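In what follows, a structure is listed as structure tokens, so that the remarks can point back to it.
Just so we're clear, the structure is a prediction, and the values are computed from it rather than from any experiment. Side chains included, hydrogens not; waters and symmetry mates left out as well; all remaining heavy atoms used. Residue numbers begin at 1 in each chain, while the letters A, B, ... track the order of the sequences.
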There are 2 protein chains.
Amino acid sequence: MDNGQLKLENQFCFRLYSAARLMMGAYHPYLDPLGITYPQYLVLLVLWEQDKQPVCDIGKRLMLDTNTMTPLLQRMEKAGLITRTRGKKDTRQRIVSLTKQGRALYEQAQHIPENMRKAVMIPESKMEEFLQMIPLLDQLIEALKKLNS
Amino acid sequence: MDNGQLKLENQFCFRLYSAARLMMGAYHPYLDPLGITYPQYLVLLVLWEQDKQPVCDIGKRLMLDTNTMTPLLQRMEKAGLITRTRGKKDTRQRIVSLTKQGRALYEQAQHIPENMRKAVMIPESKMEEFLQMIPLLDQLIEALKKLNS
DNA sequence: GCTGTTTATATCGTTCACGATGCAAAAATG
DNA sequence: CATTTTTGCATCGTGAACGATATAAACAGC
């Protein structure tokens with residue numbers, strides 16, 4: 001019966017869960033000075049790529065539903081990073097736009113990816129190995145998305 | 001200046017974050033019938049390996065602090081899965097023990113790892129590739145733990 | 001043994017994450 | 001064009017996570 005699969009040590013998902021949590025903690029030194037959280041950073045990444053998007057489009061990119069997005073965006077609006085205006089074509093939509101302040105954070109965020117890489121992956125030589133995880137994670141995410149839909 | 005590192009598509013951490021979230025969602029079909037959440041499942045994994053542990057020991061294995069553990073364990077106690085008694089040697093400690101009900105869930109959880117594997121990783125042939133992520137995730141977790149301490 | 005420090009736990013406040021539900025606008029259907 | 005369905009967003013409640021802070025017990029140094 002017991003083949004050891006129920007041991008924490010053998011749990012792939014626990015590693016995923018822990019790595020994700022600890023990773024968010026590692027962002028703190030870089031995000032705290034900007035006054036934002038990791039999910040808020042993700043929203044900004046999406047908006048820096050393309051400004052003025054409806055809530056649902058941002059949610060699709062981040063794979064988050066509106067019940068998560070709405071309060072998140074409300075906090076960001078309160079912090080002066082974005083504005084949420086009504087859509088003109090589709091009046092149900094809320095168009096999320098960067099404020100001057102939200103746009104200005106882009107410059108300050110420039111070195112975050114590089115700094116995170118340096119902080120975490122000490123040996124530059126191992127970088128290639130880690131990058132091999134990307135297609136696997138993408139594959140996993142795709143499978144999980146189908147599973148959860 | 002803009003080397004594309006601030007694009008969502010190039011974010012390793014976003015993949016980690018998303019995969020962890022979606023993975024927890026994929027556990028729902030298996031954990032809901034047991035009336036537990038994923039973090040509660042992790043606590044049970046630790047207790048099924050060894051019963052009667054102080055809060056801090058469980059926390060160390062899950063890499064969670066007491067400000068997360070205490071409310072989590074309180075909910076599990078309320079649900080009748082565990083009891084929390086005072087330590088005898090060290091009266092500061094709270095010894096967490098499985099109830100009959102908590103122990104009984106072990107049998108019902110036997111097939112969860114296997115079912116999750118089947119549900120997510122469709123091709124059996126790709127299993128080996130995914131398992132190669134484990135040492136990399138472990139390395140990442142160790143680096144992040146040092147970083148966050 | 002007394003005092004300063006560390007350890008184990010708890011509480012509070014804030015932010016996420018998400019299931020469930022509601023509502024109005026848009027789209028699809030007959 | 002009227003009715004049904006879908007879509008976009010919001011709200012509520014619950015369960016994490018986690019920083020900050022508190023408290024009492026254990027421990028260490030003198």
message: Taking the nucleotide of DNA chain C with the nearest heavy atom to each, does B:Pro71 or B:His28 sit closer to the 5' end?
response: B:Pro71

- request: Using heavy atoms to find the nearest nucleotide of DNA chain C for B:Lys60 and B:Thr68 separately, return the residue whose nucleotide is more 5′.
  value: B:Lys60

Do [X] and [Y] have side chains that get closer than 4.5 Å, going by heavy atoms?
{"X": "A:Arg15", "Y": "B:Leu140", "answer": "no"}
{"X": "B:Asn148", "Y": "A:His28", "answer": "no"}
{"X": "A:Leu45", "Y": "A:Leu62", "answer": "no"}

task: Name the residue closer to the 5' end of DNA chain D, choosing between A:Asp57 and B:Leu64 according to the nucleotide with the nearest heavy atom.
output: A:Asp57

Under-4.0 Å side-chain N/O to phosphate OP1/OP2 contact, [X] with [N]:
{"X": "A:Arg94", "N": "D:dG8", "answer": "no"}
{"X": "B:Tyr17", "N": "C:dA17", "answer": "yes"}
{"X": "A:Tyr38", "N": "D:dA17", "answer": "no"}
{"X": "A:Thr70", "N": "D:dA10", "answer": "yes"}
{"X": "A:Thr91", "N": "C:dA26", "answer": "yes"}
{"X": "B:Gln74", "N": "C:dT11", "answer": "yes"}
{"X": "B:Thr37", "N": "D:dA16", "answer": "yes"}

What is the distance from [atom1] of [X] to [atom2] of [N], rounded to the nearest Å?
{"X": "A:Leu73", "N": "D:dG8", "atom1": "CG", "atom2": "P", "answer": "15 Å"}
{"X": "B:Met69", "N": "D:dG15", "atom1": "CE", "atom2": "P", "answer": "16 Å"}
{"X": "B:Met24", "N": "C:dC16", "atom1": "CE", "atom2": "C1'", "answer": "11 Å"}
{"X": "B:Leu72", "N": "C:dA10", "atom1": "CG", "atom2": "C1'", "answer": "14 Å"}
{"X": "B:Gln40", "N": "D:dA16", "atom1": "CD", "atom2": "C1'", "answer": "10 Å"}
{"X": "A:Leu144", "N": "C:dC18", "atom1": "CG", "atom2": "P", "answer": "12 Å"}
{"X": "A:Met63", "N": "C:dC16", "atom1": "CE", "atom2": "P", "answer": "17 Å"}
{"X": "B:Lys89", "N": "C:dT9", "atom1": "NZ", "atom2": "C1'", "answer": "19 Å"}

query: Any idea which of D:dC9, C:dC16, D:dA16 is nearest the B:Arg75 side chain?
result: D:dA16

- prompt: What nucleotide among D:dC18, D:dT11, C:dA25 has an atom nearest to a side-chain atom of A:Asp90?
  reply: C:dA25

field: Side-chain donor/acceptor of B:Asn67 to base of D:dG19, under 3.5 Å
entry: yes

query: Do the side chain of B:Arg92 and the base of C:dT7 come within less than 3.5 angstrom through a donor-acceptor pair of N or O atoms?
result: yes

query: Any donor and acceptor pair, going by atom type alone, linking the side chain of A:Gln139 with main-chain N or O of A:Ile134 inside 3.5 Å?
result: no

message: Strictly below 4.0 Å, N to O, side chains only: are A:Glu114 and A:Arg117 in salt-bridge contact?
response: no

task: Just call it for A:Arg84: base, sugar-phosphate, or nothing, with non-hydrogen atoms closer than 4.0 Å on any strand.
output: sugar-phosphate

- request: Indicate the ring-plane relationship of A:Tyr38 and A:Tyr27, choosing parallel, tilted or perpendicular according to the 30° and 60° boundaries.
  value: tilted

